[in-house]
Structures are given as C-alpha cells and as structure tokens.
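Beneath this line is the structure, given in structure tokens, with notes to follow.
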Amino acid sequence: MNAKGLSVSEQRLALQFRVIALLITLVPFFVFIYLMSSHGLLDDLTAPETLVPFLLAIIIVLSALALLQSLFNNMSRVAHAMKVCSADELAEVTTQETAVELKEIASSFEQLLSSYQKTQEQLEHQTFELLLIRELSEEAGKSLDLRNLLSILLEKLMRLTHASIGSVFLVEDDGTRFHVVDARGKRPENIVGLELDIDQSAARWVVEHQKPMLVENINEDERLPARRHDSQKYASPSFLSLPVLAGEELIAIVNLADREKGGCFTRADLTSAMVMVQEVRFALDNARMYTALQETADRLEAQNEVLQHEIRKRLKVEKQLEHLAHKDRLTGLANRYLFMDRLEMMLAHARRYRSKVAVMFIDLDRFKTINDTLGHSVGDRILQVAAQRLTGTLREVDMISRYGGDEFTVALPDIKTAEDAALVAQKLLDVFNTPFTLEGREYHLGASIGISLFPDDAENVEGLVKCADAAMYEAKPKSGSAFHFYTEDLGNQAEMVMEMEISLRKAIEQEEFILHYQPFLSLSDGELRGMEVLTRWLQPDRGLVMPDQFIPFAERSGLIYPLGNWVLRSACLQHCRWVEDGLFAGLDKIPCVAVNVSSVQFREPNFIDDVQRILQETGMNPECLELEITEGVLMEQAEESVRLLHQLKEMGVKIAVDDFGTGFSSLSYLKRFPIDTLKVDRSFVARVPEHEQDASIVRAIVDLAHNLHIKVIAEGIEHAEQLAFLRAEGCEWGQGYLFSRPVSSEAMADVLRDDGRKQEWRGLIA
C-alpha cells in the first residue's frame with residue numbers, strides 16, 4: 001500500500017515502525033562487526049576467511065529489513081480495509097490475508113534464524129581456525145628446531161580438529177622407516193622414540209602418494225594394510241593422516257584420531273588441517289635446512305680439528321727436516337745456514353792459498369708486483385726458474401743459496417781480480433733480463449746485485465754478506481738491472497747506520513721518546529672524534545728528532561718492534577688517564593687514539609699477542625684503540641693481512657688504512673679487509689678543490705669507502721676551502737693544521753679542558 005493514502009498520524013506511526021525495525025536489525029549487525037574487529041578479522045577484508053562471513057551478515061540484515069517491510073505493508077492493508085470495508089469484509093480480509101501473510105512471515109523468520117545460526121557457527125569456527133593459525137605462525141617463527149616445530153603443529157591440529165590422539169612420524173633418511181618423535185592423547189603406551197616400518201604402517205598410502213588421507217572407518221578402508229585396527233577403544237572409527245613436505249620431499253606424517261565431540265572427521269576438518277600444514281611449511285623448510293647445515297658444520301668442525309692436528313704435526317716434521325737438510329724446499333738450493341757454513345770453508349781455503357772470494361747478494365726486481373698481482377703460485381714458479389738459471393750459469397764449485405724471499409746469495413771461490421766477479425755479475429744480469437715464460441705468458445723482472453770481495457772488504461762471513469747487501473741496496477735505485485761493488489763510502493754509511501742503531505737501542509732502553517697528539521674532528525658538527533699518536537725522539541744532544549729521521553733505521557735494524565710496543569703501551573696508558581680524569585666528560589662519545597703500525601711490526605709473529613697483552617695490562621677499552629696500517633703493508637701479503645685484521649677485529653680494535661690512494665689496492669682484497677676507516681693521503685687533499693684531478697681522486701675514494709660502509713678521514717686540512725669541499729663530498733672526519741698541530745700530551749690535556757677551543761672547532765665547521 002502506498003504511504004500517500006495514510007493520514008499524518010498513520011505516516012508518523014509508519015516512520016516510527018521503520019526506525020524501530022532498522023534498530024532491531026542494525027544493533028546485532030554492529031555487535032557482529034565489533035566481535036570480528038576484536039578478533040583481528042577485519043585487518044584484511046579481501047581475505048576469503050573474512051569476506052565470506054561479512055557478506056553473509058549483510059545479506060541477513062537486508063533480508064530482515066525486507067521481511068519487516070513486508071509485515072508493515074500487510075498491516076497497512078489491514079488498516080486500510082478497516083477504513084473502507086464493513087465489519088464482515090474486514091473479518092474476511094483479516095482471516096484470509098493476515099493468516100497467509102503471518103504464516104509466510106513465520107516461515108521466513110524460521111529460515112532467517114536457521115541461516116543466522118549456521119552463519120554464526122561458521123564464523124566462530126573460522127575465527128577459532130584463524131586464531132590457531134596465527135598462534136602457529138607466531139610460535140613457528142621463533143624456532144629453528146625441526147622436531148619442536150612438528151610438536152607445535154601437532155598440538156594446533158589436535159585443537160583444530162578436536163582429536164584426542166595425535167602422533168608425528170619423522171621419515172628416516174633411507175625412506176623405509178618412521179621415527180616417532182611426538183605422541184599425545186589418551187593412549188596408555190608411550191611410543192615416542194620407536195621406529196616403525198613404513199610398509200606396515202597405516203600411513204603407507206600417504207607416503208606413496210604424498211597426499212592427505214581421510215579414513216571414515218578404519219575397518220573398511222581399502223587403503224589401509226590388511227591388518228585391521230581395533231576401533232572399539234576409540235570414540236570415532238575414522239582418522240586423518242597428513243603429509244608434511246619440505247620442498248618436494250616428504251619429511252613427516254601427522255596422524256589424528258578419536259574425535260572428542262563424537263562423529264567422524266569431515267572433509268572440512270581435512271581442508272582446515274592442510275591449510276594449517278601449509279601455513280607452517282616455510283618454517284619447516286628453514287628448520288630442516290638449519291638442522292642440515294648445523295649437522296654439516298659440526299661434522300666439518302670435527303674434521304677440521306683432525307686436519308689442523310695433522311697440519312701441525314706435518315709442519316713440525318718439515319721444519320725439523322729442513323733444519324737437518326739445510327735445503328730450501330721450494331727451489332732445492334742451499335739455505336742461508338748451509339751457505340754460511342760453505343762460505344766459511346771457502347774463506348779458510350782462500351787464506352791458505354792467498355786467493356780471493358767474491359760474494360754476491362742478488363735481489364729480483366719487480367718480483368713483489370708480480371707476486372701480489374698474479375698470486376704466490378706464479379711467484380713460486382718464477383723463483384724456481386730463477387734458481388735453475390743460476391745453477392745453469394755458474395760453475396759447479398760456486399755456492400748458490402736462496403737467502404730468503406726473492407733474495408739469492410752466490411759465493412765465487414778462487415777468482416783473480418774484481419773484473420772476474422764483474423763478468424760473472426753481468427752474465428747473471430743477462431740471464432735475469434731474459435723474460436720468464438710461464439704457461440705461454442712472458443714476465444720481465446731483472447735483478448740488482450751487490451758484490452763484496454775477500455779479503456779486500458771483509459775477512460769473515462758475516463762481514464762479506466753485510467757488505468754485499470749494502471752494495472745491493474746501492475745498485476737498487478739505478479734504472480733497472482745493475483750491479484755494484486762495495487766501497488769505502490758504503491762502509492762509512494754502514495758505520496753511520498750502526499751508530500744510529502746503537503743510539504736507538506739506548507734511546508729505547510732509557511725511554512727518550514715522547515708522544516704528540518693531533519686531533520681529528522667530525523666534519524658534520526666539529527666534535528672531537530680521536531687523536532693520532534705521533535712519536536718524537538727527544539735526543540739529549542740534538543733535541544727533538546722527527547720520525548722520518550729515525551723510523552727507517554729502526555725498521556731496518558728490527559728495533560721498530562720494541563719501539564712500536566712502547567708507543568702502543570704509552571698511548572693506551574695516557575688515554576686511560578684522560579678517561580679517569582674526566583677529560584672526555586663533555587663529549588657525546590669517548591674519542592679514540594690512533595696508533596701507527598709499521599710493516600715490520602705488523603708482520604712480527606707475536607704482534608697479535610702483544611696487542612692483546614698491552615690492552616689487558618693497561619685496561620684500555622679496545623673500542624677506543626685504532627691501529628693505522630698503510631695500504632702498501634696490507635697488500636704485501638694480502639691473504640695473511642686478512643687473517644691478522646680479523647683477529648684484531650675480534651678483540652674489538654678498530655682498523656684504519658693510512659695513506660690510502662698512494663698504493664695499488666685490489667678491490668677484491670679491499671672488500672675482504674675488515675676496515676673501519678680510510679685515511680685520504682694529504683698529497684691529494686693539499687690541492688683540492690682547485691686541482692680537478694686530485695678532487696676527482698678524493699671524490700672517488702669517498703664514494704668507494706661509502707659503498708663499502710667505511711668512514712673516511714681526510715689528512716692535511718689547512719684551508720677553509722679544503723674543509724668546505726670535503727664536507728660537500730660527504731667526508732666524515734678531518735685532520736690538519738686548520739684544527740690543530742700535533743701537541744704534547746700535556747698540551748692535549750689542556751685542549752680537552754678548554755671549552756673555548758671546542759667552540760672554535762664547532763665554529764669552523766658551522
């Protein structure tokens with residue numbers, strides 16, 4: 001009936017009826033939405049498990065509104081009939097139409113209620129299933145143990161399907177047997193740990209087909225073995241058998257039996273269970289891979305222990321054999337010990353017959369470059385060929401040895417004059433100037449030869465070798481492949497070197513050295529980040545001596561190692577005193593001290609042990625110590641450098657590569673070095689930004705370091721223009737006269753106390 005035929009009061013009543021009907025239907029709908037939201041089911045409305053119940057609820061609401069509208073229309077028709085009809089007609093209309101309409105309404109409400117109850121049950125089940133899946137995902141994500149994950153899966157499946165009995169069978173590696181890793185429920189016997197034959201198992205069909213199996217009656221299903229199970233002791237004669245796969249491989253079977261609520265397992269139970277199995281499959285893949293890797297790692301570790309033991313035994317035996325045989329293993333030549341012994345015999349013979357003996361010290365040119373770029377295997381082969389060429393050129397009475405590395409020594413007995421030695425030296429140079437051909441490739445080396453004569457230059461073995469060595473160093477700077485005789489001037493230089501060595505040894509014993517410190521700052525905020533330690537020799541008769549005047553002598557004499565240890569210990573002690581005195585209290589981070597390490601010191605066998613001992617004895621925080629090692633030193637023996645640097649990093653010590661850009665670093669090794677900082681050499685910083693080539697080099701170094709996640713320090717900053725350029729290129733730290741010259745420890749302490757100086761630094765950066 002149209003609302004236009006109603007009076008005002010009837011229209012008002014109709015509006016009230018519709019409002020009440022709308023409230024009756026929408027209030028439960030909003031309660032339903034709230035329940036779904038509180039269970040997290042509205043996070044993704046596009047998910048099937050959320051979208052289906054939501055749409056069903058909307059359909060129910062719309063159906064209810066339609067029924068209430070139909071009821072209202074019927075009531076309106078009755079009211080209209082009351083207006084226009086007589087009592088008899090009204091009774092007839094009421095009796096016939098109302099009865100039919102009420103019957104239809106009752107039937108519709110009954111269907112609506114039934115649909116609503118089914119939808120509510122379905123929603124509750126899906127909500128419970130989603131909560132279980134969420135619990136499973138959270139718990140599975142915290143474990144990498146395969147058996148623990150299978151136990152978690154079993155527990156969730158039993159809750160999902162209301163099974164009272166569950167078990168997990170792990171498939172053995174040979175694929176013929178099960179291993180029971182978990183069993184739960186009301187069985188009296190404990191089957192965990194048992195091994196079962198797959199052919200006799202109820203899950204054989206699942207193993208063969210790798211598909212889940214729903215058995216409605218265990219006494220009637222043909223997929224089961226001939227032996228029937230006694231189902232009388234179970235409330236339900238059906239069970240579920242679910243395959244668990246990792247990749248494409250079956251790793252376990254989960255069996256569920258005896259449904260607690262009675263009845264049999266259904267297809268819906270099977271579908272829900274497999275959804276849960278698939279949910280945890282990724283975690284099972286990871287767990288299985290982790291377990292396999294762990295077993296492999298344990299096995300390799302055990303094998304490595306055995307191998308290391310055998311290597312130590314073999315090295316010990318080889319060392320003993322080498323010492324006994326006095327032979328170089330690589331070239332087959334005599335070693336230095338046998339050479340010294342034979343040379344002593346030659347000198348005795350020369351003294352008796354008043355003859356001369358020439359000693360040659362030979363060093364291969366450009367060998368280090370080939371060895372570093374092409375590898376030790378090529379370098380070893382070149383040394384072997386060099387030994388063969390020496391043997392083929394010299395007489396049988398001449399003595400040849402591999403003195404060490406790429407150095408050889410030769411002794412020529414019974415020579416008449418120095419010219420005879422010169423002729424032999426020239427022959428050897430011609431031999432070494434001939435290209436070395438290996439595997440179809442030519443390598444050009446050359447050699448530098450120093451010559452000493454007995455009895456003209458020295459009268460003992462040590463003196464002759466030392467004089468030949470000094471002469472070889474004199475020949476080295478010449479333009480490739482040369483020889484040089486020992487002279488009196490070289491002797492004077494040797495005496496000077498010896499005097500310097502004596503003075504250095506005395507200075508180390510009496511601690512005549514002092515430390516200076518040059519700060520380096522953050523180029524973003526001007527904060528102090530560290531101090532480089534610089535060594536000065538306070539000589540009583542000469543005053544302050546710079547490092548370039550004594551470090552080369554210390555390295556050549558081997559005194560650099562005790563000097564380097566003294567510097568490291570003193571720097572650590574001074575840093576600890578500054579920390580105790582609270583001089584770093586105003587800084588957001590304690591600055592580090594950066595100590596330079598020489599090549600001789602870095603290659604010393606006890607270097608790592610000495611660093612660790614000094615850190616322990618001084619109480620120095622390893623994270624506040626940075627060791628600066630030049631690029632060239634690291635590349636001398638790159639593989640060994642990688643090993644040593646990793647040992648330092650394990651202690652917590654920071655590593656900086658000093659003078660970066662002046663050497664020939666290989667990017668493949670640079671990636672493997674555990675470096676914290678690259679120090680851009682001052683020679684590049686000096687001419688930026690006006691010199692475009694140097695600016696490009698600095699820019700490339702900064703980009704390279706950042707790509708390798710390494711910080712950059714620029715050395716030698718003296719002008720504001722250099723500072724601005726480096727800041728613009730993203731260089732993190734800077735060091736140079738613009739901020740501070742190197743100062744003594746006392747002056748550095750004053751700087752740390754001076755807030756005005758710190759404000760000045762911040763002003764420079766700003």
Side-chain angles (χ1 to χ4, degrees), residues 366 368-369 372-373 477 479 516-534 546-549 551-552 594 596 598-599 626 628-636 655-671 673 675-743 760-766:
R366 295 181 291 278
K368 178 180 176 298
T369 302
D372 289 344
T373 56
S479 56
H516 280 196
Y517 298 84
Q518 186 176 29
F520 51 88
L521 311 179
S522 169
L523 298 188
S524 61
D525 55 15
E527 290 294 324
L528 177 66
R529 293 306 179 199
M531 298 154 285
E532 181 179 1
V533 179
L534 304 169
M546 295 294 105
D548 58 347
Q549 299 178 21
I551 290 297
N596 291 279
S598 75
S599 60
E626 182 175 78
E628 294 187 1
I629 307 170
T630 62
E631 180 183 8
V633 171
L634 293 179
M635 293 307 300
E636 282 179 4
I655 306 296
V657 177
D658 199 8
D659 300 336
F660 188 79
T662 60
F664 302 94
S665 291
S666 167
L667 287 179
S668 63
Y669 278 108
L670 194 59
K671 291 190 299 183
F673 291 150
I675 301 169
D676 298 286
T677 311
L678 290 182
K679 299 195 72 173
V680 182
D681 188 69
R682 64 181 67 250
S683 62
F684 299 120
V685 177
R687 297 195 295 174
V688 298
E690 63 273 4
H691 195 277
E692 182 58 32
Q693 185 174 6
D694 286 349
S696 298
I697 292 174
V698 172
R699 192 177 294 115
I701 292 174
V702 173
D703 290 341
L704 172 64
H706 289 172
N707 287 332
L708 296 175
H709 306 291
I710 299 173
K711 294 186 181 298
V712 182
I713 299 179
E715 297 180 301
I717 302 176
E718 298 183 1
H719 307 294
E721 293 80 6
Q722 296 169 339
L723 174 62
F725 170 79
L726 292 167
R727 290 190 65 196
E729 295 302 325
C731 181
E732 286 87 357
W733 298 332
Q735 174 183 351
Y737 287 177
L738 181 64
F739 307 126
S740 173
R741 291 177 176 270
V743 296
E760 180 183 341
W761 286 341
R762 297 188 187 101
L764 285 172
I765 301 301

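Since the model is a prediction, treat every value here as computed from it, not as a measurement.
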Practice prompt. Please test Ser522 against Glu732 for side chain to side chain donor-acceptor pair (under 3.5 Å), starting from the C-alpha separation and ending with a verdict.
Written response: CA-CA 6 Å; Ser522 169; Glu732 286 87 357; over 6 Å; no
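- Here the side chains of Asn596 and Asp658 are in contact, with some heavy-atom distance below 4.5 Å.
- With sequence neighbours left out, the side chain to side chain contact (heavy atoms under 4.5 Å, CB included) criterion links Ser696 to Glu692, Arg699.
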Exercise. Could you give me the CA-CA distance, side-chain angles and deciding distance for Tyr517 and Leu534, then say whether side-chain contact (heavy atoms from CB on, under 4.5 Å) is met?
Key: CA-CA 6 Å; Tyr517 298 84; Leu534 304 169; over 6 Å; no
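- At least one side-chain heavy atom of Phe673 sits less than 4.5 Å from a side-chain heavy atom of Leu634.
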| said: Show, in sequence, the C-alpha distance, side-chain angles and deciding distance for Arg762 and Asp525, and conclude whether the side-chain contact (heavy atoms from CB on, under 4.5 Å) test is met. | reply: CA-CA 6 Å; Arg762 297 188 187 101; Asp525 55 15; over 6 Å; no
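- With Gln735 as the partner, the side-chain hydrogen bond (donor to acceptor under 3.5 Å, both in side chains) test is satisfied by one option alone out of Glu715, Arg682, Glu532: Glu532.
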What pairs of donor and acceptor atoms, side-chain ones from residues 716-724 against any protein atom, are under 3.5 angstrom apart with sequence neighbours left out?
{"unit_1": "Gln722", "atom_1": "OE1", "unit_2": "Glu718", "atom_2": "N", "d": "2.8"}
{"unit_1": "Gln722", "atom_1": "OE1", "unit_2": "His719", "atom_2": "N", "d": "3.1"}
{"unit_1": "Gln722", "atom_1": "NE2", "unit_2": "Val685", "atom_2": "O", "d": "3.2"}
{"unit_1": "Gln722", "atom_1": "NE2", "unit_2": "Ala686", "atom_2": "O", "d": "3.1"}

Apply side chain to side chain donor-acceptor pair (under 3.5 Å) to the pair His706 and Glu729, showing each step before the final yes or no.
-> CA-CA 11 Å; His706 289 172; Glu729 295 302 325; over 6 Å; no
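- At least one donor-acceptor pair under 3.5 Å links the side chain of Arg727 to the backbone N or O of Leu523.
- Under the side-chain hydrogen bond (donor to acceptor under 3.5 Å, both in side chains) criterion, Asp676 pairs with Lys649, not counting sequence neighbours.
- Taking CD1 of Ile655 as the reference point, atom CD1 of Ile710 lies at 11.5 Å (rounded to 0.5 Å).
- Counted within 6.0 Å of CD on Gln693, heavy atoms from surrounding residues, nucleotides or ligands total 12 or fewer; the atom is thus considered open.
- Here Ile629 contributes atom CD1 and Ser599 contributes atom OG; the two are 10.5 Å apart, rounded to the nearest 0.5 Å.
- Going from atom CD1 of Ile713 over to atom CG of Leu726 covers 12.0 Å, rounded to the nearest 0.5 Å.
- The CZ atom of Phe725 lies 9.5 Å from the CG atom of Asp694; values are rounded to the nearest 0.5 Å.
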Test side-chain contact (heavy atoms from CB on, under 4.5 Å) on Gln518 and Arg741; report intermediate values, then the result. CA-CA 6 Å; Gln518 186 176 29; Arg741 291 177 176 270; 5.6 Å; no
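- The closest side-chain heavy-atom distance from Glu626 to Thr677 is below 4.5 Å.
- Judged by distance alone, the side chain of Trp761 and the main-chain N or O of Leu528 form no donor-acceptor pair under 3.5 Å.
- Interatomic distance, Ile697 CD1 to Phe684 CZ, rounded to the nearest 0.5 Å: 4.5 Å.
- For Val712 against Ala705, the heavy-atom pair with the smallest separation is CG2-CB, 3.4 Å.
- For Phe520 against Met531, the heavy-atom pair with the smallest separation is CE2-N, 3.5 Å.
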>> Checking Glu527 against Leu521 for the side-chain contact (heavy atoms from CB on, under 4.5 Å) test, could you report, in this order, the C-alpha distance in whole Å, the side-chain angles of both residues, the deciding distance, and whether it holds?
In response: CA-CA 6 Å; Glu527 290 294 324; Leu521 311 179; over 6 Å; no
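- In this structure, Ile675 CD1 and Leu708 CG are separated by 8.0 Å, a value rounded to the nearest 0.5 Å.
- Closest of all the heavy-atom pairs between Pro689 and Ala695 is O-CB, 4.3 Å.
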